[in-house]
Peer 1: 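Got a structure for you, written out below as structure tokens; questions coming shortly.
So you know, we letter chains A, B, ... as the sequences are listed, proteins then strands, and number each from 1. Predicted model only: the values in this text are computed from it and were never measured.
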There are 2 protein chains.
Amino acid sequence: MFGSSGGSGVATFESRGSYDARINRILEVATGVIARVGYERASMRVVAKAAGTSLAGLYHYFDSKEKMLFLIQFRTFNSLLNNLKEKLHGVEDPVRQLEVMVRSHMGYFAANMAALKVCSHELDSLAGEAYEQTRAIRREYYELTRGIVERVLDAAATAPALDRHVVTMSLFGMLNWLYRWYDPKRGRSPAVVADQIVSLFLHGIGAAAAAPAA
Amino acid sequence: MFGSSGGSGVATFESRGSYDARINRILEVATGVIARVGYERASMRVVAKAAGTSLAGLYHYFDSKEKMLFLIQFRTFNSLLNNLKEKLHGVEDPVRQLEVMVRSHMGYFAANMAALKVCSHELDSLAGEAYEQTRAIRREYYELTRGIVERVLDAAATAPALDRHVVTMSLFGMLNWLYRWYDPKRGRSPAVVADQIVSLFLHGIGAAAAAPAA
DNA sequence: TGATACCGAACGAACGTTCGATCGGACAAT
DNA sequence: ATTGTCCGATCGAACGTTCGTTCGGTATCA
């Protein structure tokens with residue numbers, strides 16, 4: 001689906017051969033532009049200029065602007081998911097799994113802020129087949145996380161019956177909103193923020209239980 | 001800043017006179033269109049058609065498309081903020097204030113989903129003066145909420161030192177992400193979801209404390 | 001008589017996309 | 001070693017569409 005380098009033989013996913021190196025570079029630049037001004041405002045002319053290509057030259061690598069966005073999102077979600085699966089390997093305790101999930105997500109976010117912003121903010125900019133395909137990966141990421149949340153929830157003597165979907169989505173809300181306010185260069189390090197989110201999610205703000213008012 | 005109805009005398013903020021009634025209706029329709037397809041894709045022609053006006057007729061009410069978006073956001077943030085201030089009146093206990101804040105936000109969200117979606121998703125579509133003005137109201141809403149969070153935090157014997165900004169933004173993350181997944185017609189009622197978010201924020205998922213792995 | 005509400009038609013700009021041509025290296029035939 | 005041929009990579013220029021906005025005009029009503 002991805003490869004087909006120039007030259008003779010096999011081409012790995014990574015930038016082997018000049019074709020893959022070039023398309024990776026263009027996607028990287030395009031990701032930055034889209035993250036900065038949004039998908040609709042990111043014209044192909046601006047992307048071309050930023051990537052050091054001509055306008056028509058872009059269409060040698062993508063059928064259309066939408067396919068370009070699709071590639072960005074698909075690759076990013078794929079990396080995110082595989083990254084999580086890998087780090088989850090061998091971790092059994094549900095609470096530990098949750099820690100791994102949040103830290104992994106946060107780490108990927110800090111290292112690829114533009115890409116994750118595009119993935120969080122530009123979800124509905126795809127349609128049809130492209131939309132369905134990214135949706136499928138997102139779903140997988142969601143199910144994986146939800147499983148962890150459920151196991152933590154089951155192991156805990158949680159007083160109020162929390163809706164698992166609400167809880168999982170609240171966790172994603174905290175994580176997916178990061179791109180709106182978090183700046184790794186200002187404020188705390190990604191690792192610290194990740195730990196704080198884990199702590200908040202597990203134990204809350206730590207308030208005394210509230211009884212109904214008189 | 002808003003009023004200036006036709007006719008002779010005063011005009012309240014609400015739809016007194018046919019001018020205010022008309023502009024309110026148009027803004028309402030425009031909000032729906034923008035929420036559905038996004039600001040950039042929402043052409044003035046489509047908004048005009050949906051509002052039962054001609055394209056040129058829209059410009060009798062707005063200087064530009066951007067001003068239209070500004071009005072939508074400014075009014076919505078204003079209502080949201082005033083609504084919260086009002087409901088907070090007379091409530092002293094920090095934990096109670098937090099409950100009021102989340103329930104108030106959730107209630108407003110459920111009653112005005114399109115408007116809040118536009119406010120959450122289209123934050124960067126404004127520029128210059130219009131952007132600064134909406135930013136100022138958002139800041140006020142943030143400060144109000146952060147004050148509550150800090151008071152709850154101070155009153156609690158919270159084990160890990162939580163960063164107040166991180167915690168407040170995580171709360172906003174949960175709330176502002178709602179438009180991505182929550183459907184009042186499916187799943188639990190707004191009141192129940194609000195209570196679950198409050199519970200999650202105050203006490204977390206309710207897990208046993210995790211010690212460092214061996 | 002004049003202001004308000006509204007409209008059809010057009011303008012200029014920007015957009016995504018396409019087309020035809022050129023350049024340069026790989027490779028088989030001479 | 002030279003030639004001829006092909007193909008991937010790249011480009012300038014253009015096409016058709018859609019966009020936000022403007023302009024001149026027409027009803028309506030105080």
Peer 1: Which whole-number value in Å describes the distance from A/K49 NZ to C/dA14 P?
Peer 2: 13 Å
Peer 1: A/H60 side chain: which of C/dC7, C/dT17, D/dG8 is closest?
Peer 2: D/dG8
Peer 1: Compare the minimum distances between each of C/dA10, C/dG16, C/dC19 and the side chain of B/R45, then state the nucleotide with the smallest one.
Peer 2: C/dA10
Peer 1: Side chains of A/Y131 and A/R135: do they bring a donor and an acceptor to under 3.5 Å?
Peer 2: no
Peer 1: From the list C/dC19, C/dG16, C/dC6, which nucleotide is the closest neighbour of the side chain of A/K65?
Peer 2: C/dG16
Peer 1: For B/A161, does its backbone N or O pair with a side-chain atom of A/Q196 as donor and acceptor, under 3.5 Å?
Peer 2: yes
Peer 1: From C/dT17, D/dG20, C/dC6, pick the nucleotide closest to the side chain of B/Y59?
Peer 2: D/dG20
Peer 1: Would you kindly give the CZ-to-P distance between A/R41 and C/dG16, to the nearest whole Å?
Peer 2: 13 Å
Peer 1: How long is the line joining CE of A/M44 and P of D/dA14, in whole Å?
Peer 2: 21 Å
Peer 1: In terms of side-chain heavy atoms of A/Y19, which of D/dA9, D/dG20, C/dC6 is nearest?
Peer 2: D/dA9
Peer 1: Could you work out which one of D/dC23, D/dT10, D/dG20 sits closest to the side chain of B/A56?
Peer 2: D/dC23
Peer 1: Which residue, A/V46 or A/D63, contacts DNA chain C at a nucleotide closer to its 5' end, judged by nearest heavy atom?
Peer 2: A/V46
Peer 1: Judged by modelled atom types alone, do A/Y182 and B/H165 share a side-chain donor-acceptor pair under 3.5 Å?
Peer 2: no
Peer 1: Kindly say whether the aromatic ring centers of B/Y19 and B/Y61 come within a distance under 6.0 Å.
Peer 2: yes
Peer 1: Heavy atoms only, 4.0 Å cut-off, all strands: where does A/Y61 land among base, sugar-phosphate and nothing?
Peer 2: sugar-phosphate
Peer 1: Ignoring hydrogens and geometry beyond distance, is a side-chain donor-acceptor pair present between B/S120 and B/R180 at under 3.5 Å?
Peer 2: no
Peer 1: At under 4.0 Å between heavy atoms, what does B/A48 touch on the DNA or RNA strands: base, sugar-phosphate, or nothing?
Peer 2: nothing
Peer 1: Tell me whether the NZ or CZ atom of A/K65 lies within the 45° cone about the ring axis of A/Y59 and under 6.0 Å from its centre.
Peer 2: no
Peer 1: Using five base pairs at each end, measure the axis-to-axis angle across the helix from C/dT1-D/dA30 to C/dT22-D/dA9 and round it to 10 degrees.
Peer 2: 0°
Peer 1: Say whether, by atom type as modelled, one donor and one acceptor occur between the side chain of B/Q97 and the main chain of B/G147 under 3.5 angstrom.
Peer 2: no
Peer 1: Check every atom of D/dT21, C/dG16, C/dG8 against the side chain of B/S54 and return the nucleotide holding the closest atom.
Peer 2: C/dG8
